[in-house]
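Order of the sequence lines sets the chain letters (A, B, ...), proteins ahead of strands, with each chain counted from 1. As the structure is a computational prediction, the values presented were derived from the model and not from experiment.
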Amino acid sequence: MNLSGGLKIKLRFADNREKEISDLSELKKQLKKNGAIAVRLDSGLKDLDSIKEITLQASVEAITFDSIDGREIYRHSTSHVMAHAVKELFPAAKLAIGPATEEGFYYDFDIDRPFTLEDLNTIEKKMTEIIKKDNQFIRKTIPKKDAIDLFKKMGEDYKVELLAEIADEDVSIYEEGGFVDLCRGPHVPSTGAIKAFKLLSIAGAYWRGDEKKKMLQRIYGTSFSNEKDLKKYLDFLEEVKKRDHRKLGKELDLFSISEDIGPGLILWHPNGAIIRKTIEDFWMDEHLKADYKILYSPHIAKLNLWQKSGHLDFYRENMYSPMEIEGIEYELKPMNCPFHISVYKNSLRSYREFPIRYAELGTVYRYERSGVLHGLLRVRGFTQDDAHIFCREDQIEDEILNILDFTLFILKTFGFDSYDIYLSTRPEKYVGTLENWERATSALKQALEKKGLSYEIDPGEGVFYGPKIDIKIRDSLNRAWQCSTIQVDFNNPERFDITYRGSDGKGHRPIMIHRALMGSLERFFGVLIEHYAGIFPLWLAPVQIRILTIAERHSDYASEIAKVLKGEGFRVETDLENEKIGHKIRETTIRKVPYLVIIGDKEIAEGKLAVRKRSGENIGPFTTNEFIGIIKSEVDSKQ
RNA sequence: GCCGGGGUAGCUCAGUGGCAGAGCAGCUGAUUCGUAAUCAGCUGGUCGAGGGUUCAAGUCCCUUCCCCGGCUCCA
């Protein structure tokens, strides 16, 4: 049956298969059969229902939960159902906004009483009822002024405020089971399309993210196209919790934050400190190989220095109050750059020395609002793996290429080989000329393109002194973390009036590049802990080998082996306690020590070592020398 | 900073007005054992800090410090 004659529809499925259809009811059937929740027409994403308006040739794409757009529609619809449930249970609650997020959705409510965890259960039950009713999502287009009247009558002040900002004459509203919400859509066809959902948490959130505006109550949730995937996601959240660096930091005795010392200030315990030292040694060696010069600089400097650098003008809100010493004000350093510049300025520089690369593991202190502090990932005192490169303008691109290579090499050593790269351009508050910004930005762009690295532009997110490249690493759970940054700086060379002597014998202004590869040792360590789930590769493991004895008569032999291994530079411990071997293995495995060496009568008689890995796998037996060879090559490989 | 939830032994946590608890860890002893927890005993507390209510406060009230979740993603 072909009612509209000449109807010719090209239907594309989620897996890119295509099919020609000339009948609307057939189209409907196909969409349903393939799990479509919405469609993309030439005019954009639409409700399934809107295909009835098709009269001519058209291409229709089936949108399912498996696409980003599909998930967004699906979860946005779930948020509507949640708002519906909340309105039924708490009629006084006012609706704000309820979008989908990357992993779920939320809805903000203005309600006099904050939600509790029990409320979430009640709301979930109500949502299940609404889903069971399988209410149709009905779209209506009405004049904006009618919508304003409607929502005014409903007491939905926030919707009225949103409407006032919409420029269009007409707006769309969606109704489902008597629940009406202002919404652009599209939506799933009916509430029954939502197969699996879960409310996750409650939080405060400012209306429109503005801290001067009212604090609303936000409920977060997520939804999936089936229970199995929802379960998988909830398991993932459990895994994230298990890997939390704050939890592992305590369990493995890596670091602590003491209330007595202050929030955001890190104490590195022996187990964490030895990892840090190993990272620092690696960092130092590689920098020397890469023609960097190492510097050390003080933690405080005269306030004037920060005046001169412009930090007092542009960075004051992140700086601590000055302290007075013999009538002169000093300031805790929030950045290392002015110190490196002072070293540069200490003698006359020639273009022949360029590029000059100064690197420092420089500890800086920055004020962060108490609410944003987070374990090792957001702190108030941290050590940057900082460097400043002084070069000519025509050397920028090569240097950036250089740094990109270096960064990727360092990150790869720690098992990070997937990145998101962002190029941040000029912000509202900035220094330097537009021409400078333009030139530097295009140098960064060209370097990225030459390396064949894909990147996104982050408009207006550059630092006040220059454009930058940020590299976010993806960890083993595919979460993104901001660590590396490469920034061009044309503020400081001007402000400090630094120059170099060119081949023409005249003074010129150098370009400065500021870069950090791991970012801060604290944050990088936090990310590493979660990335490895505390199971550090051998070269980083705080204790690399633990020697366990079967009985007390094996102690002497075990101590001798320990001495030999320590002599070879390994981090070794012995467990000579009067405990059963099962107990010792358990204790050592929980501490995630890579190698367990077990010594009993048999080993002493044969002069060999029984070796067990933390995974539970037994290898060997080996002679001591064989074992040393194996672990040496494993340490060298940094795997 | 703001909203909400928390802070009890080294760790994980129970304890809603009436004698501060458990498991693990630690210490002591017994056992001398072959691949993820041997047994017994003991020690351990300013219940985050300060103030208040009460015959009596870990518990109720106020203040404060710290921790946790969140505060960009615009119907």
Notebook entry, point to check: Just how far, in rounded Å, is C1' of B/C33 from CD of A/Glu577?
Noted result: 15 Å
Check: Considering every strand shown, what is the Watson-Crick or G-U wobble mate of B/G4 when both distances are under 3.5 Å?
Finding: B/C68
Margin query: Are the side chains of A/Asp69 and A/Arg40 in contact, using a 4.5 Å heavy-atom criterion?
Written below: yes
Notebook entry, point to check: Is the shortest side-chain N/O distance from A/Lys250 to OP1 or OP2 of B/U12 below 4.0 Å?
Noted result: yes
Check: B/G23 pairs with which nucleotide, Watson-Crick or G-U wobble, both distances below 3.5 Å?
Finding: B/C11
Checklist line | Pair assignment for B/U35, Watson-Crick or G-U wobble, requiring both distances under 3.5 Å | finding: none
Item checked: Closest to side chain of A/Ile550, choosing from B/A36, B/C33, B/G1 -> B/C33
Next item on the list: Give one of base, sugar-phosphate or nothing for A/Ile166, where a contact means two heavy atoms less than 4.0 Å apart.
Entry: base
Check: How about A/Phe224 and A/Tyr233: are their ring centroids closer than 6.0 Å?
Finding: yes
Note to self: So A/Ala610, base contact, sugar-phosphate only, or nothing? Heavy-atom distance under 4.0 Å.
What the structure shows: base
Check: From B/A36, B/G69, B/C74, pick the nucleotide closest to the side chain of A/Ile585?
Finding: B/A36
Check: Nearest-Å distance, CG (A/Leu548) to P (B/U35)?
Finding: 13 Å
Margin query: Under 4.0 Å, heavy atoms only, any strand: does A/Gly600 hit a base, just the sugar-phosphate, or nothing?
Written below: base
Notebook entry, point to check: Looking at the side chain of A/Thr101, which of B/C74, B/C2, B/C73 is the nearest nucleotide?
Noted result: B/C73
Checklist line | Minimum-distance nucleotide (side-chain atoms of A/Asp601 versus B/G70, B/G34, B/U32) | finding: B/G34
Next item on the list: Round to a whole Å and report the spacing from OH of A/Tyr206 to P of B/C3.
Entry: 7 Å
Next item on the list: Take A/Glu617 and A/Arg612 through the salt bridge (Lys or Arg N to Asp or Glu O under 4.0 Å) test and state the conclusion after the steps.
Entry: CA-CA 6 Å; A/Glu617 186 193 352; A/Arg612 179 186 162 114; over 6 Å; no
Checklist line | d(NZ, A/Lys580; P, B/U35) in whole Å | finding: 10 Å
Next item on the list: For A/Asp210, report the nucleic acid contact type (base, sugar-phosphate, nothing); a contact means any heavy atom under 4.0 Å.
Entry: nothing
Note to self: Does A/Gly209 reach a base, just sugar-phosphate, or nothing at all? Heavy atoms under 4.0 Å.
What the structure shows: sugar-phosphate
Margin query: Among B/U32, B/G4, B/G1, which nucleotide has an atom closest to any side-chain atom of A/Pro114?
Written below: B/G4
Note to self: Strictly below 4.0 Å: does A/Arg246 bring a side-chain N or O up to OP1 or OP2 of B/C68?
What the structure shows: yes
Next item on the list: Verify the distance criterion only: is there a donor paired with an acceptor across the side chains of A/Lys584 and A/Thr549 at less than 3.5 Å?
Entry: yes
Next item on the list: Mind checking A/Ile598 for me? I need base, sugar-phosphate or nothing, with any heavy atom below 4.0 Å counting as a touch.
Entry: base
Checklist line | Touch class at under 4.0 angstrom, heavy-atom based, for A/Tyr220 against every strand present | finding: sugar-phosphate
Item checked: Single hit among A/Lys247, A/Arg243, A/His245, A/Arg246 for side-chain hydrogen bond (donor to acceptor under 3.5 Å, both in side chains) with A/Glu530 -> A/His245
Next item on the list: Indicate, with a heavy-atom threshold strictly under 4.0 Å, whether A/Glu579 touches base, sugar-phosphate, or nothing.
Entry: base
Item checked: Residue-phosphate contact under 4.0 Å: A/His583 side-chain N/O, B/A36 OP1/OP2 -> no
Notebook entry, point to check: A/Arg369 has a side chain; which of B/G1, B/C66, B/A36 sits nearest to it?
Noted result: B/G1
Next item on the list: Verify whether one side chain among A/Tyr220 and A/Arg218 offers a donor that lies under 3.5 Å from an acceptor in the other.
Entry: yes
Next item on the list: Would you kindly check whether a donor in the side chain of A/Tyr106 faces an acceptor in the base of B/G70, or vice versa, at under 3.5 angstrom?
Entry: no
Check: Taking for each residue the nucleotide of RNA chain B with the nearest heavy atom, is it A/Phe115 or A/Gly262 whose nucleotide lies nearer the 5' end?
Finding: A/Phe115
Checklist line | Aromatic contact, A/Phe105 with A/Tyr107 (centres under 6.0 Å) | finding: no
Check: Taking only side-chain nitrogens and oxygens of A/His374, does any of them come within less than 4.0 Å of OP1 or OP2 of B/G69?
Finding: yes
Item checked: Shortest side-chain distance from A/Pro263, nucleotide among B/C66, B/C71, B/C2 -> B/C66
Check: If pairing requires Watson-Crick or G-U wobble contacts with both distances under 3.5 Å, which nucleotide is the partner of B/G17?
Finding: none
Note to self: Return whichever of A/Glu587 or A/Ile599 has its heavy-atom-nearest nucleotide of RNA chain B closer to the 5' end.
What the structure shows: A/Glu587
Next item on the list: Tell me the partner of B/G45, counting only Watson-Crick (N1-N3 plus N6-O4 or O6-N4) or G-U wobble (N1-O2 and O6-N3) with both under 3.5 Å; none if nothing fits.
Entry: none
Check: Within the structure, does a side-chain N or O atom of A/Arg218 lie under 4.0 Å from either OP1 or OP2 of B/G4?
Finding: no
Next item on the list: Provide the Watson-Crick or G-U wobble partner of B/C73, both distances under 3.5 Å; none if there is no partner.
Entry: none
Next item on the list: Go through B/G34, B/U35, B/C3 for me and flag the one nearest to the A/Lys602 side chain.
Entry: B/G34
Margin query: Of the listed nucleotides (B/C2, B/A36, B/C33), which one gets closest to any side-chain atom of A/Arg553?
Written below: B/C33
Note to self: Less than 4.5 Å apart, side chain to side chain, heavy atoms only: is that true for A/Ile257 and A/Leu267?
What the structure shows: no
Check: Ignoring hydrogens and angles, does a donor from either the side chain of A/Glu603 or the base of B/G34 sit under 3.5 Å from an acceptor on the other?
Finding: yes
Next item on the list: Quick one: look up who B/U53 pairs with, Watson-Crick or G-U, both distances under 3.5 Å, and put none if it's unpaired.
Entry: none
Checklist line | A/Leu376 CG - B/C67 P separation (whole Å) | finding: 13 Å
